[in-house]
Protein chains: 2
Amino acid sequence: MDLSRMDIKLKVGQRVRELRKQRELSQEGLAYKAEVDRTYVTDIENGRRNVSLEIMERLINALDVSITEFFNTKEFRK
Amino acid sequence: MDLSRMDIKLKVGQRVRELRKQRELSQEGLAYKAEVDRTYVTDIENGRRNVSLEIMERLINALDVSITEFFNTKEFRK
DNA sequence: ATGTGACTCGTAGTCCGTG
DNA sequence: CCACGGACTACGAGTCACA
């Protein structure tokens, strides 16, 4: 898979899923912590939503990671 | 200034401005490269807009920096 | 427990100006 | 060159029934 050409929504979605699983959270659990709808998390993880900064912040906080860490993977390094 | 409590929109706005000035671009020049509206860049830099991922990607590309690097500052490390 | 289509409603994002 | 405002359109936020 060519990471450099993958859509940013997909990259973010995969990163959310990766971190969520590391924390052993369900989509429902993450949704609760981030105060968003369960089905919205599904959409985000599957790259179907063009999320805004404020939602990103809530997800990242709920995943208990810094913004820097969230984007510190090879997928985001181009 | 307490960086940890500063809103993500303000942090992003400041980072855009910082990188834009390093590149010696005007807001208009950046807007042109990122294919967004001139007035929208003003609002973003001043932390008034809740930008989406796709617009973020366009701005970051226009600033010629990776996503990882964009968020790799102490403001985003919490 | 996750995924999907179809919604409503507010705001993201554009375009016209001003000082 | 930048900040700001008004008016507009497109799309993100947020929810639901159903699978």
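Below, chains carry the letters A, B, ... as their sequence lines are ordered, and counting in each starts from 1.
- Annotation: side-chain hydrogen bond (donor to acceptor under 3.5 Å, both in side chains) contacts of A/Asp64 (sequence neighbours excluded): none.
- One end of the helix from C/dT2-D/dA19 to C/dG19-D/dC2 points its axis 40° away from the other end's axis, with each axis taken from 5 pairs and the angle rounded to 10°.
- Considering only residues two or more places apart in sequence or on other chains, B/Asp43 meets the side-chain contact (heavy atoms from CB on, under 4.5 Å) condition with B/Arg48, B/Arg49.
- Among the protein residues, A/Val36 comes within range of no part of the nucleic acid, since none of its heavy atoms lies under 4.0 Å from any strand.
- Take B/Arg58 and apply the side-chain hydrogen bond (donor to acceptor under 3.5 Å, both in side chains) test, not counting sequence neighbours, and it matches no residue.
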Which donor-acceptor pairs under 3.5 Å do the side chains of residues 25-33 of chain B make with protein atoms, sequence neighbours left out?
| residue | atom | partner | partner atom | Å |
| --- | --- | --- | --- | --- |
| B/Ser26 | OG | B/Glu28 | N | 3.4 |
| B/Ser26 | OG | B/Gly29 | N | 2.9 |
| B/Gln27 | OE1 | B/Thr42 | OG1 | 2.7 |
| B/Gln27 | NE2 | B/Glu45 | OE1 | 3.2 |
| B/Lys33 | NZ | B/Ala62 | O | 3.1 |

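- Looking at residues two or more places apart in sequence or on another chain, you find a ring pair (Phe, Tyr, Trp, His ring centres under 6.0 Å) between A/Phe76 and A/Phe71.
- Applying a 4.0 Å cut-off to non-hydrogen atoms, none of the residues of residues 17-31 of chain B approaches DNA chain C.
- With sequence neighbours excluded, the residues forming a side-chain hydrogen bond (donor to acceptor under 3.5 Å, both in side chains) with B/Glu54 are A/Lys9, listed by chain and number.
- Residues passing the side-chain hydrogen bond (donor to acceptor under 3.5 Å, both in side chains) test with B/Arg77 are B/Asn72, sequence neighbours excluded.
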Could you run down the sub-3.5 Å N/O contacts of the protein with nucleotides 4-11 of chain C?
| residue | atom | partner | partner atom | Å |
| --- | --- | --- | --- | --- |
| C/dT4 | OP2 | A/Arg48 | NH2 | 2.1 |

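- In this view, B/Glu18 and B/Arg15 satisfy the salt bridge (Lys or Arg N to Asp or Glu O under 4.0 Å) rule, not counting sequence neighbours.
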